[in-house]
2 protein chains.
Amino acid sequence: MNQDPETSNRAGREPISELTTARLSVYLRCLAELESEGIATVSSQDLAARIHVNSAQIRKDLACFGEFGIRGVGYSVIDLRARLRDTLGLTTTHAMVIAGAGNLGMALVNARGFNSDGFKVVAMVDIDPAKTGIRSRNGVEVYPLSSLHSIVKRETVEIGVIAIPGDSAQQVCDFMIEVGILAILNFAPVQIKPRAGVRIQEVDLRVNLETLSFHLKLAEDGKLVL
Amino acid sequence: MNQDPETSNRAGREPISELTTARLSVYLRCLAELESEGIATVSSQDLAARIHVNSAQIRKDLACFGEFGIRGVGYSVIDLRARLRDTLGLTTTHAMVIAGAGNLGMALVNARGFNSDGFKVVAMVDIDPAKTGIRSRNGVEVYPLSSLHSIVKRETVEIGVIAIPGDSAQQVCDFMIEVGILAILNFAPVQIKPRAGVRIQEVDLRVNLETLSFHLKLAEDGKLVL
DNA sequence: GCATGTGAATGGATTCACAGCT
DNA sequence: AGCTGTGAATCCATTCACATGC
């Protein structure tokens with residue numbers, strides 16, 4: 001059952017599923033809080049209680065990268081956090097460009113989560129020439145879409161964010177891929193056509209709203225739900 | 001295998017999972033496009049090709065609410081769309097309030113998906129008194145947080161949107177629940193404590209970014225991925 | 001013939017429960 | 001004693017494949 005001699009445990013080479021990845025991110029945020037509270041050690045139960053998750057789930061997820069906990073004690077908050085940051089690729093900083101300098105783009109460029117711990121917005125681009133030269137509150141400048149190529153080259157941008165209103169999303173996305181962007185976070189309400197070697201993450205607000213609506217309807221119709 | 005005599009098929013009473021719900025929403029968008037293209041009939045294969053999904057999956061999902069397709073032909077676009085809109089609770093319009101009149105709140109209030117086909121933003125609220133009275137481009141007014149209660153009562157608001165920067169999110173959320181809001185869409189990077197009878201939908205941008213980062217790292221380390 | 005609807009088969013993910021370490 | 005790490009069991013989701021009906 002071992003196709004690769006290195007598969008056993010050290011620097012564990014397990015696949016790590018999509019769902020696990022998302023949870024690792026949640027664990028990481030929780031660990032950051034624990035660290036800032038000065039807590040040195042945490043058990044899977046403790047974590048499970050804070051997040052809404054089963055403790056065995058947490059242990060399984062963490063087992064993806066070798067043994068790390070101490071039996072009878074738990075996990076070192078500092079060490080585990082470092083490990084997760086490494087696993088998620090947050091030890092190097094990823095340069096990002098946001099396409100669309102409207103309200104959404106501006107909200108994102110100023111968001112804490114977009115400018116800390118592994119990420120940095122280096123520029124915004126917009127088709128509207130009137131927007132060129134504007135700067136966000138935190139000092140990121142808006143450039144014409146045509147300068148995307150040189151920005152990506154100069155700053156080795158890895159991540160592109162689509163914050164434009166829908167119809168031109170696929171075009172801009174194609175352009176991003178053309179100039180060498182490797183990962184895209186898409187807020188436009190369109191299914192972006194996938195391309196080999198490029199990772200796309202969709203944030204579909206309409207799906208979220210309709211999920212809420214669906215549950216509201218269930219509740220109305222008497223089916224007990226939360 | 002039938003605990004309920006009504007379980008068989010008419011107006012099907014199957015549970016409908018979380019994942020299915022999300023896909024129904026995607027199908028619905030696709031059907032809207034098909035309808036505007038004037039296409040009258042669609043097969044599960046056609047849909048499967050447009051969306052990135054297996055055709056059996058689509059049929060299973062749609063089977064949740066009784067037989068609806070025509071064998072040998074497919075589904076009526078108009079009828080199926082109407083059925084999905086009904087299932088997702090989009091035939092009545094849900095009133096929404098957005099907490100936070102910053103860039104994010106303004107982006108959302110102006111977003112097409114927040115003001116059409118089942119949803120309507122009736123007000124924004126903000127703690128900053130300087131924001132009171134401001135109107136969004138599409139005419140939605142900003143009120144002080146303290147008027148939330150009366151707005152929710154007057155407009156029978158069902159959905160609250162948390163578009164504030166993190167730390168006060170839980171408080172505002174609690175307040176929303178207190179004044180009778182039943183469903184919450186949360187953009188703040190905090191796990192909102194769940195409460196019985198209230199549905200919470202988290203949109204965690206940090207998780208999305210870190211997922212991208214993780215895959216970038218995989219690609220770097222040589223594991224083939226997309 | 002063609003596409004739906006669905007039991008059966010497969011594949012994953014979650015949870016259980018306990019052996020093993022500290 | 002307490003908690004991790006993990007096989008085994010369970011649960012859920014997806015896919016296959018075909019009988020059923022247009």
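Every chain is numbered from 1, with letters handed out A, B, ... down the list of sequences.
Residue contacts for B/Ser44: at a heavy-atom cut-off of 4.0 Å it reaches the sugar-phosphate backbone alone, with no base atom in range. Heavy atoms of B/Ser17 sit under 4.0 angstrom from primed sugar atoms or phosphate atoms, though from no base atom. As judged by a 4.0 angstrom heavy-atom cut-off over every strand, B/Thr20 is placed among residues making no nucleic acid contact.
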Review point. What's the verdict on side chain to side chain donor-acceptor pair (under 3.5 Å) for B/Thr211 and B/Asn208, showing C-alpha distance, side-chain angles and the deciding distance?
Key: CA-CA 5 Å; B/Thr211 300; B/Asn208 283 286; 5.8 Å; no

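At least one donor-acceptor pair under 3.5 Å links the side chain of A/His94 to the backbone N or O of A/Gly89. Side chain of B/Arg81 to backbone of B/Leu31: no donor-acceptor contact under 3.5 angstrom is found. No donor-acceptor pair under 3.5 Å is formed between the side chain of A/Gln201 and the backbone N or O of B/Leu209.
Map A/Ile70 and A/Asn54 each onto its nearest nucleotide of DNA chain C; the residue landing nearer the 5' end is A/Asn54. In terms of position along DNA chain C, the nucleotide closest to A/Glu18 lies nearer the 5' end than the nucleotide closest to the other residue of the pair A/Glu18 and A/Gly72.
For B/Arg59, the side-chain atoms get nearest to C/dT6 when compared with the rest of C/dT14, C/dT6, C/dA17. Distance from the side chain of B/Gln57 is smallest for D/dT15 among the nucleotides D/dA13, D/dT15, C/dA3. Here C/dG5 is the nucleotide among C/dG5, D/dT6, D/dT4 with the atom lying nearest to any side-chain atom of B/Glu67. Nearest nucleotide to the B/Ala63 side chain, out of C/dT6, D/dA13, C/dC18: C/dT6.
Looking at B/Lys60, its side chain has no donor and acceptor atom pair within 3.5 Å of the base of D/dT14. The base of C/dT4 is paired with the side chain of B/Arg71 by a donor and an acceptor separated by under 3.5 Å.
For B/Ile16 and D/dA13, the CD1 to P distance is 12 Å, given to the nearest whole Å. Here C/dG5 presents its P atom at 10 Å from CZ of B/Phe68, a figure rounded to the nearest Å. In this structure, A/Ile58 places its CD1 atom 9 Å from P of D/dT4, rounding to the nearest Å. The separation between A/Arg83 atom CZ and D/dT4 atom C1' is 16 Å, rounded to whole Å. Computed from coordinates, the A/Asp61 CG to C/dT14 P distance equals 7 Å when rounded to whole Å. Rounded to whole angstrom, the span from the CG atom of B/Asp79 across to the C1' atom of C/dT4 amounts to 16 Å. Distance B/Leu80 CG to C/dT4 P: 11 Å, rounded to the nearest Å. Rounded to an integer number of Å, the gap from CG of A/Leu19 to P of C/dG11 is 18 Å.
Phosphate proximity of D/dA13 to B/Arg23: absent, as no side-chain N or O sits under 4.0 Å from OP1 or OP2. Put simply, B/Gln45 has a side-chain N or O that comes within less than 4.0 Å of OP1 or OP2 on C/dT4. Between C/dG5 and B/Tyr75, a contact under 4.0 Å exists linking OP1 or OP2 to a side-chain N or O.
In this structure, A/Gln171 places its CD atom where only 12 or fewer heavy-atom neighbours from other residues, nucleotides or ligands lie under 6.0 Å away.
Rounding to the nearest 0.5 Å places CG of A/Leu88 at 11.5 Å from OH of A/Tyr27.
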